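The next block holds one structure in the form of structure tokens; read it before the comments.
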Amino acid sequence: MIKELLRCFIAYQKDDGVKLLIMKGKGRAFCAGGDAAVGSQAVLDVGWKWGADFFGNQYFLNYIIATSIKPQVSLLTGIVMGGGAGISLHGRFRVVTDKTVFAMPETALGLFPDVGASYFLSRLPGFYGEYVALAGARLDGAEMLACGLATHFVRSNRLPLLEESLKKVDTSNTFVICGIIDQFAEHPSLKENSSLKRLEIINKCFSKRTIEEIISALEQVASNVADQWVTATIQSLKKASPTSLKITLRSIREGRTQTVGDCLRREYRMVCHVVRGDFSRDFFEGCRAILIEKDQNPKWMPPSLHQVHEEAVEQYFSKIDDPQWEELNLPPRHSHGRNIESKL
């Protein structure tokens, strides 16, 4: 599917007849992401190079979408996770609904939020991106709009009408396209238990330098306030792969000052280390426990945060010493710097 999408996107860039791209899911979900279960098994069967090629193609597609001159409207109803976010959130217009569920749940799988997430999550208000990335937090449509991941909110029952209107468009003018979506859009209010109503706590805790300090700060809050959200966040962090947490925190922090191309190149280095299993094989263990055997009880190695040393984290950001490996080659294209504009 990635190769098919790549073919389409590259052809559409050159086709003057194509003014606008509409991306939607086939079925109830938009896209739950890449098939990590099949992917991890293929790496075990065929070797790390299979994984490197798969992720390389995926990140190249994300880059083409992020730098596309043709406006893309993604209709994000249902589940939008992992790779599904990669093929939509880099586009110009991201339309969410009352049925949207977004997450980047990779730390629970022994991976890290990739597909350019270190670009789009690092640009969220305050340290909200660190929270979403590390805790694998689920956001609804209203939260996506408020934090800037989405550009519009349209009720799911009005989506077919919006799509019909968009199909009549004969221009690539973003103001015209935005005007059409605006006719269907509304501004929903956040639910009472929304994580965005806890931005003060999030900024205080997730701004800390290390994962250990973040958890300690959250535990400090939990000892003073009885808040189910704080407890659940601590539990999510403690269940995740310690290696994943540490490389994810650094990835988001580095992403803040990098271009989308730089983020994808760095994430490619990281994911190649992950599939090679040089330091940790948590990705294979996470896929086994969560997706394949579903015992929900991954045995992470190393099992604790203090055993994931700085040198090990550093390794994930380095080039791979193997004649078969090369950097992700992204052609120079003008980056349009997608608008992650918080409504808060």
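Counting from 1, the numbers follow the sequence of the chain as shown. Everything quoted here is computed from the prediction, not taken from an experiment. Just so you know, these numbers use all the heavy atoms, side chains as well, and skip hydrogens, waters and symmetry mates.
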For [Y], is there any backbone N or O sitting under 3.5 Å from a side-chain donor or acceptor partner on [X]?
X: E285; Y: K299; value: yes
X: S241; Y: T107; value: no
X: Q72; Y: I87; value: yes
X: K70; Y: D15; value: yes
X: S40; Y: A36; value: yes
X: S280; Y: D282; value: yes

Just so I know, are the side chains of [X] and [Y] near enough to count as touching, which here means a heavy-atom distance under 4.5 Å?
X: I252; Y: F112; value: no
X: E163; Y: K167; value: yes
X: L21; Y: P71; value: no

Tell me whether the rings of F93 and H152 are parallel (<30°), tilted (30 to 60°) or perpendicular (>60°).
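Because their plane-to-plane angle lies in the 30° to 60° range, the rings of F93 and H152 count as tilted.
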Spacing of [X] atom [atom1] and [Y] atom [atom2] [to the nearest 0.5 Å]:
X: H273; Y: F317; atom1: NE2; atom2: CZ; answer: 9.5 Å
X: T243; Y: Q307; atom1: OG1; atom2: CD; answer: 9.5 Å
X: Y119; Y: L89; atom1: OH; atom2: CG; answer: 12.5 Å

Linked hydrophobic residues, M81 as query - side chain contacts closer than 4.5 Å:
I79, V101
Members other than F175 in its cluster, when Ile, Leu, Val, Met, Phe, Trp, Tyr link by side-chain heavy atoms under 4.5 Å?
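For F175, no cluster forms, as it stays isolated from other hydrophobic side chains.
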Distance-minimising heavy-atom pair for E106 and M104:
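Scanning both residues completely, I find the closest heavy atoms to be OE1-C, 2.9 Å.
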Given the side-chain rings of Y131 and W229, with only the six-membered ring counted for Trp, is the space between their centroids under 6.0 Å?
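Distance test on ring centres: under 6.0 Å, yes.
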What about F120 and H90, are their ring centers closer than 6.0 Å?
yes
Heavy atoms of other groups near [X] [atom1], more than 12 under 6.0 Å:
X: F9; atom1: CZ; answer: yes
X: K99; atom1: NZ; answer: no
X: K197; atom1: NZ; answer: yes
X: K49; atom1: NZ; answer: yes
X: Q296; atom1: CD; answer: yes
X: D321; atom1: CG; answer: no
X: R269; atom1: CZ; answer: yes

Could you check E267 against S251 for side chain to side chain donor-acceptor pair (under 3.5 Å), going step by step and ending with a plain yes or no?
CA-CA 8 Å; E267 289 175 10; S251 179; 4.6 Å; no
When you measure from the centre of the six-membered ring of F284, is the NZ or CZ of R281 under 6.0 Å away and within 45° of the axis?
yes
